[in-house]
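Input: a single structure, listed below in structure tokens.
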Amino acid sequence: MSPTPQTNNPWNAAAELVIQLLVKVASTDSETVRKYIEIPPDPDLGDIASTVSFRLAKELKKSPAAIATEITQSLEKEAKKEPLLDRIVAKGPYINFFFDREEFARRVVSEVCKINATYGMTEEFKGTRALIESPAVNPSKPWHIGHARNAILGDTLANILESVGFEVVRIDYINDLGLQIAQLTWKIMHDDVDLAKVSEKMDHFLGHLYVEVQKVTENDSGVENEIREITRRLEDLNSEEAKRSAEMVTLCLKAQCQTAYRLGIYKNYQIWESSIAHSGLLQTAKDLMLQAENILELTEGEKKGCIVANLAAMEEFKDMKDPHKVLFRSDGTRTYTGADVAFQMWKFGVIKDPFHYSVFEEQANGEDVYRTALDGSDRNLGGFDIVYNVIASAQAHPQRLIYTILDLLGHHEQSLNSHHVAYEFVGLEDADFSGRKGTWIGYSTDDVLDKATELAKEEVAKRNPDESNEFKEIVGAKVGTGAVRYFMLKASPDRKITFRWDEALDFNGDAAPYLQYSFARAQRILEKTGMEPTGKAELTLLSSEVEFALVKAIARFPEEILEVVRGLKKDVWGTSFSSNRITGYCYELATLFSKFYDSCPVLKAEPKTRAARLELVSAFRITMGNCLRILGIPVVEKM
RNA sequence: GGGCGCGUAGUCUAGUCUGGAUAGGGCACCAGCCUUCGAAGCUGGGCGUCCCAGGUUCAAAUCCUGGCGCGCCCGCCA
């Protein structure tokens with residue numbers, strides 16, 4: 001099964017051509033050859049290379065270098081017939097292929113200019129329905145920058161999946177029944193706070209209030225009892241507590257959404273915990289669970305009366321103190337694990353959608369986000385093929401439990417298609433973020449975006465003194481938020497980020513403004529010519545070292561995206577998402593354009609060269625623009 | 001006790017899954033480049049026990065074994 005070369009994936013098409021040639025003479029199959037294809041470390045060595053001679057050395061009982069020479073010689077004729085290839089050179093054991101620069105440039109640049117906005121989009125995963133859940137911040141505080149990491153990773157993953165053909169639904173989980181909510185409800189009722197009169201952004205107001213609550217509850221067991229009582233009364237939707245709580249949560253969530261919109265993050269649905277509690281989902285799940293062999297109600301011991309999953313047989317949980325994982329407590333209430341399993345069953349359509357939906361609000365992009373509600377329309381959501389939960393690495397164990405229990409319930413495929421997209425925390429040099437202690441204060445996502453925007457605006461103003469203040473505001477915001485998004489994406493998700501202002505707000509070098517700047521420079525060149533790409537230029541003139549390097553980078557774009565998606569492999573303890581690979585690609589693309597910009601004048605070149613270079617600039621602009629959109633980094637035409 | 005992740009120049013980091021050519025970048029530092037499409041840029045330079053010790057291999061930052069250091073996780077909690 002060899003992937004058919006796609007015209008919208010020029011690098012893959014070229015690589016496949018090389019593979020097919022090698023198969024003809026290397027006495028092995030294309031799958032094997034494909035494994036021994038690589039990009040040489042130095043472009044002087046070749047454009048694409050094969051190390052298949054190492055592999056063949058043993059069976060042929062010849063030295064790799066001799067094999068490479070033989071293969072190269074027998075391919076000489078073929079190479080001459082193939083317009084895309086210039087020459088093949090054996091260097092020691094390596095078989096190095098040089099593309100015909102003129103022909104490669106012609107194919108790539110004309111193709112990119114033709115398909116324009118869809119360049120980078122492929123259909124390898126067409127028809128798969130994916131659900132992405134992120135970031136599930138409690139609606140009781142502002143996002144700190146760790147939450148932003150989650151939200152940005154989730155949003156970018158969704159963009160990437162969409163670009164390779166997935167049908168993606170983005171949801172957020174709203175825990176409006178947690179302890180934090182009960183504590184805050186107690187506080188606003190106790191102090192009789194009128195939320196309508198609060199002028200501070202609501203999530204920040206509550207975040208500060210929460211720190212105060214902690215101080216009170218820490219050494220007052222009476223308060224603790226009062227809060228327990230509130231938790232109980234919140235279950236009754238008609239109680240005063242439930243009404244005050246709902247008002248508070250809604251206002252807080254709307255405030256949090258404002259932060260998300262600043263980052264260009266939008267959702268399709270919010271699933272509220274209170275809806276789950278009142279939907280019958282848990283009861284349905286419980287009934288289904290009890291039919292499974294390894295899920296049972298214990299009749300003796302410490303956990304008498306609990307409904308538990310028996311994990312004794314599972315290798316990865318053999319070190320648990322007690323292999324009986326509680327799903328429903330002896331008083332009948334669900335544990336987090338129990339609720340999560342039920343929720344995961346809903347996602348896959350194992351349980352029919354019991355929710356009603358109503359519009360929560362119109363988002364900043366003009367699209368409505370729906371929330372689960374008691375009254376509202378049926379939408380029959382669920383039944384997804386694959387589910388991505390973006391959650392901190394620290395949750396690897398509980399996530400694994402959920403997927404394992406799903407398997408115990410007989411939903412093997414669904415278990416395999418459950419992905420924990422894991423990422424490490426963002427912390428400070430001397431502290432981790434804690435809502436309890438309030439260490440997030442000063443490091444909320446809003447704070448960081450504010451500072452980034454302000455700094456960017458200053459830089460914009462310096463360079464565009466004659467522009468309007470509105471221009472400076474808008475561009476400053478785009479550059480600032482882009483910088484924050486890029487900062488979160490360029491770090492490998494499995495690496496902990498220590499947040500430092502000077503690093504996060506460094507607009508030079510490997511940072512978003514550099515990418516945006518390269519786009520703006522390309523934009524300016526094209527504007528000065530009236531954006532004229534004629535489609536008639538002699539693209540074969542694009543053969544200099546720097547021009548060709550840029551062409552090759554442009555050609556790799558679709559394959560780079562696909563590689564990231566193919567790399568989303570499920571491991572026992574999580575699924576790794578290499579967001580940093582796309583930022584790395586995007587940065588390299590910008591670097592190559594900057595070098596081209598520096599050494600290849602466009603507007604002042606000879607007419608024919610000028611026409612060809614204009615097309616290359618256009619192809620770059622398209623590729624960079626599409627890549628920035630996938631990363632969620634705002635495209636700016638002038639900065 | 002067990003599991004997971006991380007360890008690469010002053011510093012932050014890519015590459016590790018899938019072994020392959022001189023270990024790529026950013027910041028900081030030093031020296032150049034704006035009357036020529038935007039200097040948020042370009043060019044050049046110094047900076048490395050790839051945590052340690054074994055092993056496998058023609059070849060190890062990458063795979064295996066054993067250590068060391070740092071972080072996280074293993075509740076009828078939330």
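Throughout, a chain's letter reflects where its sequence line sits, starting with A, and its residues are numbered from 1.
Checking rU11(B) for Watson-Crick or G-U wobble geometry (two distances, each under 3.5 Å) identifies rG26(B) as its partner. In this entry rC70(B) has rG5(B) as its Watson-Crick or G-U wobble partner, both defining distances falling under 3.5 Å. Across every strand in view, rG19(B) sits unpaired, with no contact that passes the Watson-Crick or G-U test at under 3.5 angstrom.
Per the stacking criterion (ring centres < 5.5 Å, plane angle < 30°), F54(A) stacks onto the base of rG20(B). We find that the ring of Y336(A) and the base of rA78(B) stack, their centres lying under 5.5 angstrom apart and their planes tilted less than 30°.
Put simply, CG on D432(A) and OG1 on T498(A) are 9.0 Å apart, with the number rounded to the nearest 0.5 Å.
Side-chain atoms of R581(A) stay outside donor-acceptor range of the base of rA14(B), with no qualifying N/O pair under 3.5 Å. Interface remark: the S330(A) side chain does form a donor-acceptor pair with the rC76(B) base, using a distance-only criterion of under 3.5 Å. In this model, a side-chain donor or acceptor of N96(A) finds a partner on the base of rA21(B) within 3.5 Å.
Among the protein residues, Y514(A) comes within range of the sugar-phosphate backbone only, with heavy atoms under 4.0 Å from sugar or phosphate atoms but none that close to a base. Counting non-hydrogen atoms under 4.0 angstrom, A49(A) reaches a base of the nucleic acid.
Note that R87(A) lies in the cation-pi zone of F98(A), set by a 6.0 Å cut-off to the ring centre and a 45° limit from the axis.
Rounded to whole angstrom, the span from the NZ atom of K569(A) across to the C1' atom of rU18(B) amounts to 7 Å.
The aromatic rings of H144(A) and F433(A) sit parallel, their planes meeting at an angle under 30°, below the 60° perpendicular limit.
Ring-centre distance between H397(A) and W573(A): below the 6.0 Å cut-off.
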